Visitor: 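Got a structure for you, written out below as structure tokens; questions coming shortly.
Numbers restart at 1 for each chain; the letters A, B, ... are given by sequence-line order, proteins then strands. Predicted model only: the values in this text are computed from it and were never measured. These values consider heavy atoms only, across backbone and side chains, with no hydrogens, waters or symmetry-generated copies.
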Amino acid sequence: MKKTFYVTTPIYYPSDKLHIGHSYSTVAADTIARYKRLRGFDVKFLTGTDEHGQKIERIAKEKGVTPKQYVDTIVDWIKDLWKLMDIEYDIFIRTTDDIHVKAVQKIFKKLYDSGDIYKSEYEGKYCTPCETFFTERQLVEGKCPDCGRDVETVKEESYFFKLSRYQDRLIKHIEENEHFIQPSTRKNEMINNFLKPGLEDLCVSRTSFKWGIPVEFDPGHVVYVWIDALSNYITALGYASADDADYKKYWPADVHIVGKEIVRFHTIIWPAMLMALNEPLPKQIFGHGWLIIDGGKMSKSKGNVVDPQILVEKYGVDSIRYFLLREFAFGQDGNFTNELLLKRINSDLANDLGNLLSRTVGMIDKYFGGALPAEQTANGFDQDIIEMAKTVVQQVESHMEKMLFSDALAAIWSFISRCNKYVDETTPWVLAKDEERKAELANIMYVLAESLRIISVLICPFMPNTPKAIETQLNIKDSAIKTWDSIQTFGGLGRQVTIAKGAVVFPRIDIAKELEAIEKDIPTPEKSEVKETPINKKEDE
RNA sequence: GGCGGAAUAGCUCAGUUGGCUAGAGCAUGCGGUUCAUACCCGCAGUGUCGGCGGUUCAAAUCCGUUUUCCGCUACCA
């Protein structure tokens, strides 16, 4: 039986369309999923939407539709976006799905029965005009942070989750499992800010709004966010349903990919819930960094966030996916600018990879009429290429285990550079003038074609479309030479390569011109406002 | 306030447990080449590794201190 691999994204809050920050998490998860599939794992890749809560209820009301109608339209849009970005998820869970709703009710009941959930009183500050609860901390000088008016103390009967009960076990688990929280700096934040000072019990029900999962045995209450949202990772697999085969097969998750702002929920509340349910904990939570906008104030409230749809339509999925994973270190924040994006596309994709393919295919066409002869003679530079091809595969494998996407791509690109250098070293245009040396020339072309085959397999997880273009132009049809195993040794491609010249894969972009055009679409704010603004800050994961 | 990060070439960043003339990519300059998407290849740089003090034969790397920036600080997701 194949080894399983279960990877998840956060479930996104469909209060509005998603932005590039959400795409970032999802592209990363998709890439790791594709990579693991390529390595022969039985992969489950889960994404979805977290659809309940007061905010959605309010927006729907403003729009004059039901909450369900409202989220339906956003969810359709999200699914289209993932299709556009070539996200190959296995399951798309919605917290309004029947299977999820029923399972959450069972989970809630189970926790109540075990004494992990108890009824008590929640005391909060309520702003009547805004119809919102606030905590003491959220208040601005004792007033409503939204409208500035007075708030009143309101007591609400609520259910609480006994988070405090699991404090010691959590500390132990986190400290004993080095890879549980990644990157490790997040681990210290959790321990010092929450676990060491002591955990407070968590309010897990509300009566102030209706748009949520009703508590089965107490109909006035709805299950509050985190019990609802976090459960998705197991309800999507059929936990607490009639058919829990997938749960038994895939749980615990190998990695939950989340933005760093929700690491807390995933490393404290979620494990505590699982402990209370007597279920195994996920193996790893990876809190990636944010994309920071430099030169543009991007926040949802301003309505000028970076729209992934526009970027993809303009520059292509593979370019955007490549950029996201290459430019930024996965665990850290990174500056997103249009200029960086365009520079990356030009230098790495157009000049290095695209041009390598183009010149290789061009020469096979020009010197051999599109088909290499069987008779080929090796040269002194071949060995270096062959050895490096082997090394690169190992490097990519090692980086991918640690989710170092950028490092993996850098390794692949150093091989691409090596291939471009090989062309210079062997000077095919000189050999082409000499009929006697056709066999040497043919070998050079073969080494390049075979290298491109290997490159095309290596980039598969990151860029789903480019490999197809490479395969078409080099006439690679046999699926046996598109596997990961097939790139462990140099020479999988038959010697008599025939080519089919195609269009340029990554056209060069006139950066100055393009930037000017973009600026027209998105007005640049005053320099003084340029202060970095996280585009996915604390919103809607 | 508490806790945790970051500060390295013009720009974006690498630099495991202290040991190299401190690196890469981009941008810049010069040279080469012409198969290719004015591409590719080579060479050349510049750096008080935030400041100060200390440990050491040796510190970007460890310790102390200081400056600036950033993150987390629980029931909004």
Side-chain angles (χ1 to χ4, degrees), chain A residues 10-15 50 52-56 122 124 132-135 137-138 145-146 158 160-161 163 183-194 196-197 199-206 224-229 259-265 268-269 289-290 292 294 326-329 332-335 337 339-340 343-344 346-367 406-407 410 413-414 417 419-432 441 444-445 448 503-509 532 534 537-541:
Chain A
I11 48 173
Y12 305 109
Y13 201 64
S15 60
D50 169 25
H52 293 121
Q54 195 169 23
K55 191 170 173 184
I56 298 262
Y122 172 71
T132 311
F133 274 95
F134 297 103
T135 58
R137 274 168 206 270
Q138 289 175 296
D146 287 350
S158 293
F160 284 81
F161 174 57
L163 199 54
S184 58
T185 164
R186 301 282 149 214
K187 175 176 125 185
N188 299 328
E189 284 182 5
M190 294 307 126
I191 294 203
N192 292 327
N193 289 325
F194 300 100
K196 288 246 170 88
L199 295 173
E200 289 168 26
D201 289 351
L202 187 74
C203 177
V204 291
S205 75
R206 279 296 163 91
Y224 202 45
V225 294
W226 291 105
I227 300 279
D228 178 356
K260 63 179 185 178
E261 75 284 2
I262 50 172
V263 166
R264 188 175 87 229
F265 305 103
I268 297 179
I269 300 173
W290 287 341
I292 308 291
D294 180 359
R326 172 68 243 260
E327 191 70 32
F328 313 111
Q332 290 160 246
D333 292 353
N335 278 304
T337 69
E339 193 180 354
L340 272 178
K343 274 186 173 172
R344 267 295 168 199
N346 268 359
S347 67
D348 295 8
L349 301 180
N351 295 351
D352 294 346
L353 177 56
N355 185 47
L356 177 64
L357 176 67
S358 177
R359 67 201 304 207
T360 301
V361 171
M363 285 189 279
I364 294 175
D365 182 49
K366 192 167 180 176
Y367 301 147
S406 183
D407 290 359
W413 254 256
S414 71
S417 283
C419 292
N420 273 319
K421 187 174 172 176
Y422 175 81
V423 178
D424 261 55
E425 290 168 334
T426 56
T427 59
W429 50 91
V430 175
L431 305 190
L441 184 58
I444 293 164
M445 294 304 115
L448 290 170
V504 160
V505 263
F506 296 104
R508 257 186 89 79
I509 296 167
E532 51 202 33
K537 185 173 186 174
K538 294 210 169 189
E539 285 187 73
D540 319 0
E541 280 284 354

Visitor: Side chain of A:D50, backbone of A:I11: donor and acceptor closer than 3.5 Å?
Guide: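 Not a single qualifying donor-acceptor pair exists.
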
Visitor: Using the rule given for side chain to side chain contact (heavy atoms under 4.5 Å, CB included), can you reason through A:R359 versus A:N420, listing the C-alpha separation, both sets of side-chain angles and the distance that settles it, and then say yes or no?
Guide: CA-CA 9 Å; A:R359 67 201 304 207; A:N420 273 319; 2.8 Å; yes

Visitor: Rounding to the closest angstrom, what is the interatomic distance between B:A9 and B:G51 at atom P?
Guide: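 My reading of the P atoms in B:A9 and B:G51 gives 11 Å.
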
Visitor: Please answer whether the main-chain N or O of A:G354 pairs with a side-chain N or O of A:S358 as donor and acceptor at a distance below 3.5 Å.
Guide: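 It does not hold such a pair.
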
Visitor: Looking only at atom P, what distance separates B:A24 and B:C69, rounded to whole Å?
Guide: 32 Å

Visitor: If you measure from the C1' atom in B:C20 to the same atom in B:U65, how many Å do you get, rounded?
Guide: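 30 Å, rounded to whole Å.
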
Visitor: Base, sugar-phosphate, or nothing: which does A:D348 touch, judged by heavy atoms less than 4.0 Å apart?
Guide: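 Touches nothing.
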
Visitor: In the strands shown, is B:A44 matched to any nucleotide by a Watson-Crick or G-U wobble pair with both distances under 3.5 Å, and which?
Guide: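 WC or wobble partner is B:U28.
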
Visitor: Tell me what A:S417 touches on the nucleic acid: a base, only sugar-phosphate, or nothing, going by heavy atoms under 4.0 Å.
Guide: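 Since only primed, P, OP1 and OP2 atoms lie under 4.0 Å of A:S417, the category is sugar-phosphate.
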
Visitor: What nucleic acid atoms does A:G53 come within less than 4.0 Å of, heavy atoms only: base, sugar-phosphate, or nothing?
Guide: nothing

Visitor: Would you say B:C40 has OP1 or OP2 under 4.0 Å from some side-chain N or O of A:N351?
Guide: yes

Visitor: Considering only the P atoms, how many Å lie between B:C62 and B:A27, rounded to the nearest integer?
Guide: 34 Å

Visitor: Could you tell me whether a side-chain N or O of A:Y422 sits under 3.5 Å from a main-chain N or O of A:S417, the two making a donor and an acceptor?
Guide: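 Pair absent, no side-chain N/O of A:Y422 close to backbone of A:S417.
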
Visitor: Categorize A:V263 for me: base, sugar-phosphate, or nothing, with a 4.0 angstrom heavy-atom threshold over every strand shown.
Guide: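 The answer is nothing, as A:V263 stays clear of every strand by at least 4.0 Å.
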
Visitor: Just how far is it from atom CG of A:D228 to atom OG of A:S205, taken to the nearest 0.5 Å?
Guide: 12.5 Å

Visitor: Classify A:P507 by what it touches in the nucleic acid, base, sugar-phosphate, or nothing, heavy-atom distance under 4.0 Å.
Guide: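 Since a base atom lies under 4.0 Å of A:P507, the category is base.
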
Visitor: Between B:C26, B:C39, B:C72, spot the one nearest the side chain of A:R264, thanks.
Guide: B:C72

Visitor: Sort and list the pairs that fulfil salt bridge (charged side-chain N to carboxylate O under 4.0 Å, His left out) and have at least one residue in residues 348-357 of chain A, not counting sequence neighbours.
Guide: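 For residues 348-357 of chain A: A:R344-A:D348.
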
Visitor: Can you tell me the Watson-Crick or wobble partner of B:G53, both distances under 3.5 angstrom?
Guide: B:C63

Visitor: What is the distance, rounded to the nearest whole Å, between atom CZ of A:F328 and atom P of B:G25?
Guide: 20 Å

Visitor: Sort out the partner of B:C39 for me: Watson-Crick or G-U wobble, both distances under 3.5 Å, none otherwise.
Guide: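 WC or wobble partner does not exist here.
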
Visitor: Heavy atoms under 4.0 Å, any strand shown: does A:V225 hit a base, just sugar-phosphate, or nothing?
Guide: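 Sugar-phosphate, backbone atoms only, no base.
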
Visitor: So what's B:G4 paired with, Watson-Crick or G-U wobble, going by both distances under 3.5 Å?
Guide: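 When the pairing criteria are applied, B:C70 turns out to be the nucleotide that pairs with B:G4.
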
Visitor: When rounded to the nearest Å, what value does the distance between C1' atoms of B:U8 and B:A60 take?
Guide: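 Looking at atom C1' only, B:U8 and B:A60 are 7 Å apart.
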
Visitor: Rounded to the Å, how far apart are A:Y422 OH and B:C39 C1'?
Guide: 20 Å

Visitor: Please figure out whether A:L199 or A:L356 has its closest RNA chain B nucleotide nearer the 5' end.
Guide: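 Nearer the 5' end of the strand: A:L356.
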
Visitor: Under 4.0 Å between a side-chain N/O of A:R508 and OP1 or OP2 of B:C39, yes or no?
Guide: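 Yes, because at least one side-chain N or O of A:R508 sits under 4.0 Å from OP1 or OP2 of B:C39.
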
Visitor: Do A:N351 and A:R508 come close enough that some side-chain heavy atom pair is under 4.5 Å?
Guide: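 A:N351 vs A:R508: side chains touch.
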
Visitor: May I have the distance from A:D407 (atom CG) to B:G25 (atom P), rounded to whole angstrom?
Guide: 15 Å

Visitor: A:D365 has an atom CG; how far is it from atom P of B:A36, in whole Å?
Guide: 10 Å

Visitor: Mapping A:Y367 and A:D201 onto RNA chain B by nearest heavy atom, which one lands closer to the 5' end?
Guide: A:Y367

Visitor: Nearest to the A:N355 side chain among B:C39, B:U37, B:C75, which nucleotide is it?
Guide: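 The answer is B:C39.
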
Visitor: How far, in whole Å, is B:G25 from B:A44 if one measures between their P atoms?
Guide: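 B:A44 and B:G25 have their P atoms separated by 13 Å.
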
Visitor: Name the pairing partner of B:C20, where a pair is Watson-Crick or G-U wobble with both distances under 3.5 Å, or state none.
Guide: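 Paired with B:C20, as far as the under-3.5 Å criterion goes, is no nucleotide at all.
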
Visitor: Could you state the CG-C1' distance from A:L340 to B:G10, rounded to the nearest angstrom?
Guide: 14 Å

Visitor: Report which part of the nucleic acid A:F265 touches: base, sugar-phosphate, or nothing (heavy-atom distance under 4.0 Å, all strands).
Guide: base

Visitor: Which nucleotide wins on minimum distance to the side chain of A:W429, given the candidates B:U34, B:U37, B:C75?
Guide: B:U34

Visitor: May I ask you to say what A:N420 touches in the nucleic acid, namely base, sugar-phosphate or nothing, with a heavy-atom cut-off under 4.0 Å?
Guide: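 Counting heavy atoms under 4.0 Å across all strands, the contact made by A:N420 is with sugar-phosphate only.
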
Visitor: Below the 4.0 Å mark, does B:C40 have OP1 or OP2 next to a side-chain nitrogen or oxygen of A:K421?
Guide: no

Visitor: Nearest to the side chain of A:R206, which nucleotide is it out of B:C40, B:C75, B:U34?
Guide: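 The listed nucleotide nearest to A:R206's side chain is B:C75.
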
Visitor: Evaluate the side-chain proximity of A:L357 to A:L353: yes if any heavy-atom separation is below 4.5 Å, no if none is.
Guide: no

Visitor: NZ of A:K366 versus P of B:C35: gap in Å, rounded?
Guide: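 Between P of B:C35 and NZ of A:K366: 5 Å.
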
Visitor: If you measure from the C1' atom in B:G47 to the same atom in B:A14, how many Å do you get, rounded?
Guide: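 Per the computed distance, 15 Å lies between those C1' atoms.
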
Visitor: Does any donor-acceptor pair link the side chain of A:E200 with the base of B:C75 at a separation under 3.5 Å?
Guide: yes

Visitor: Measure from the side chain of A:D50, starting at C-beta and using heavy atoms only, and say which of B:A77, B:A36, B:U33 lies closest.
Guide: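 Shortest atom-to-atom distance from the side chain points to B:A77.
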
Visitor: Roughly, in whole Å, what's the span from CG in A:D228 to C1' in B:A77?
Guide: 12 Å

Visitor: I need the CD-C1' distance between A:E339 and B:C11, as an integer number of Å.
Guide: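 From A:E339 CD to B:C11 C1': 9 Å.
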
Visitor: Please report the distance separating the C1' of B:A58 from the corresponding atom of B:A22, rounded so that it comes out in whole Å.
Guide: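 Straight-line distance between the two C1' atoms is 15 Å.
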
